Amino acid sequence: MDQVKDIIKNIKAGNAAPIYFLMGEEPYYIDKISEYIEDNLLTEEEKGFNQMVLYGRDVTVQDIVSNAKRFPLMAEKQVVIVKEAQELARSIDQLESYAAQVQPSTVLVFCYKYKTLDKRKKIYKAIEKSGIIFESKKLKEYQIEAWLKKLLTAKGYSIDPKASAMLVEFLGTDLSKIANEIDKLALIVPKGVQITAEVVEKNIGISKDFNNFELIKAIVDRNQLKAYKIANYFAQNPKNNPIVLTMGLVYSYFSKLLLYHGLKDKSPSNVMKQLKVSQYAIKDYEMGFRIYKMKQVSSIIAHLKDVDLKSKGVGAQAMPQGELLKEMLIKIFN
């Protein structure tokens with residue numbers, strides 16, 4: 001994110017703000033900024049007397065303000081980092097008076113995860129005036145592949161689309177999880193080498209042939225043999241391949257395919273915008289459009305809802321996952 005780069009750039013240039021209020025649903029960037037400040041703002045010698053880490057569950061706002069008002073010892077700055085600051089949500093308004101008159105030799109950092117301040121409140125305006133407010137928003141699933149590509153490029157790697165789709169499917173939208181897996185790969189794979197589906201399978205343990213990505217591809221291609229093989233694999237490994245996730249992804253594909261049918265403008269840019277999918281996924285909708293008529297897609301969606309209810313025990317008594325997956329495929333391919 002550009003704002004993250006600007007924050008770190010200003011800190012490097014010696015222009016640290018007196019308050020950083022890092023908030024929002026995505027903890028990854030909150031951690032990155034706070035870790036950078038914790039690791040780099042003070043020298044190792046200065047940290048002993050001038051750097052303090054507090055936890056929101058253990059302190060009050062008054063405790064934090066008292067620490068923030070101290071003067072640094074044998075250093076120009078002191079750093080006070082408040083982790084789990086969201087635990088102070090009920091009393092955070094009490095910070096307003098300090099925010100209005102900050103201690104310029106203190107850098108006070110709040111890690112306020114999974115919550116945000118109300119922009120209409122005085123506390124928000126006071127912090128915004130004297131410091132930096134950063135909102136870390138959760139990325140949508142269709143944005144993750146582009147984010148992953150940027151992360152790998154910065155580390156000196158590239159990734160093929162299939163490997164990228166496998167990682168996103170397996171790890172979801174948790175940026176920290178994805179970044180951790182990439183860090184593991186970076187220890188094994190030489191720089192400059194492309195991350196392929198084979199590399200992901202070998203080092204992360206995701207099957208390149210038996211996953212939801214390949215199942216949807218088989219459905220799009222109407223490759224029934226491959227689809228049933230994957231369903232059988234899922235049935236034998238239910239813990240690693242929960243039917244709820246499979247049903248959700250298949251339902252999402254056909255719901256978006258129905259939208260694709262209704263688009264007058266089927267240019268790649270408009271498809272990406274309207275369906276919220278990556279450029280790599282567009283061909284799956286182009287293929288599905290040719291193979292599945294609009295009426296078929298509507299019928300498949302209705303059947304998928306029925307199978308989904310059965311998977312949750314409605315209208316069916318303890319049907320095995322394998323049988324439910326086969327029923328799903330029968331409804332799709334008929």
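Not measured: the values here are computed from a predicted model.
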Hey, is K184 close enough to E181 for a salt bridge, meaning N to O under 4.0 Å? yes
In terms of side-chain geometry, is the basic nitrogen of E96 or K125 positioned less than 4.0 Å from the acidic oxygen of its partner? no
Contacts of D209 that satisfy side chain to side chain donor-acceptor pair (under 3.5 Å) - sequence neighbours left out: none
Any idea how F21 and Y112 line up, ring-wise: parallel (<30°), tilted (30 to 60°), or perpendicular (>60°)? tilted
Distance-only donor-acceptor pairs under 3.5 Å for side chains of residues 49-59, two or more places apart:
unit_1: N50; atom_1: OD1; unit_2: L73; atom_2: N; d: 2.6
unit_1: N50; atom_1: ND2; unit_2: E46; atom_2: O; d: 3.0
unit_1: N50; atom_1: ND2; unit_2: L73; atom_2: O; d: 2.9
unit_1: Q51; atom_1: NE2; unit_2: E38; atom_2: O; d: 3.0
unit_1: R57; atom_1: NH1; unit_2: E84; atom_2: OE1; d: 2.3
unit_1: R57; atom_1: NH1; unit_2: E84; atom_2: OE2; d: 2.9

With no hydrogens and no angle check, is any side-chain donor or acceptor of T106 less than 3.5 Å from a backbone partner on A68? yes
Measure the acute angle between the ring planes of F213 and Y280, then classify it against the limits of 30° and 60° as parallel, tilted or perpendicular. parallel
Go through the structure and list residues passing salt bridge (Lys or Arg N to Asp or Glu O under 4.0 Å) with E44, not counting sequence neighbours. K47
Modelled atom types, side-chain donor and acceptor of S66 and D63, under 3.5 Å: no
Does N10 reach the main-chain N or O of D6 with its side chain, forming a donor-acceptor pair under 3.5 Å? yes
Classify the ring geometry of Y260 against F289: parallel below 30°, tilted from 30° to 60°, perpendicular beyond 60°. perpendicular
Among residues at least two apart in sequence or on other chains, which ones pass side chain to side chain donor-acceptor pair (under 3.5 Å) with E87? none
Identify, with sequence neighbours excluded, every residue that meets salt bridge (Lys or Arg N to Asp or Glu O under 4.0 Å) alongside K32. none
I'd like to know if the side chain of S252 and the backbone of G248 have a donor-acceptor N/O pair within less than 3.5 Å. no
Under the salt bridge (Lys or Arg N to Asp or Glu O under 4.0 Å) rule, collect the residues that match up with D118, sequence neighbours excluded. R120
Set of residues satisfying salt bridge (Lys or Arg N to Asp or Glu O under 4.0 Å) with respect to E26, sequence neighbours excluded: K138
Short side-chain to backbone donor-acceptor contact, Q78 and P72, under 3.5 Å: no
Q321 side chain vs N241 backbone, donor-acceptor pair below 3.5 Å: yes
Mind listing the closest non-hydrogen atom pair of Q86 and C111 along with its distance? OE1-O, 3.3 Å
Whether the side chain of E135 engages the backbone of G24 through a donor-acceptor N/O pair (distance < 3.5 Å, no angle test) should be reported. no
Taking side chain to side chain donor-acceptor pair (under 3.5 Å) as the cut-off, I'd like each qualifying pair that reaches into residues 325-334, sequence neighbours left out, listed once. K310-E327
About how many Å separate CG of L263 and CG of N270, when rounded to the nearest 0.5 Å? 6.0 Å
Between N180 and S176 (side chain of the first, backbone of the second, donor and acceptor by atom type, cut-off under 3.5 Å), is there such a pair? yes
Tell me who clusters with Y142, hydrophobic residues only, linked when side chains sit under 4.5 Å apart either directly or through other members. none
Between H261 and Y292 (side chain of the first, backbone of the second, donor and acceptor by atom type, cut-off under 3.5 Å), is there such a pair? yes
Can you list the residues that meet the side-chain contact (heavy atoms from CB on, under 4.5 Å) rule with L245, with sequence neighbours excluded? N212, P242, L249
By side chain to side chain donor-acceptor pair (under 3.5 Å) - contacts of K256 (at least two apart): none
For K77, the side chain to side chain donor-acceptor pair (under 3.5 Å) test, sequence neighbours excluded, returns none
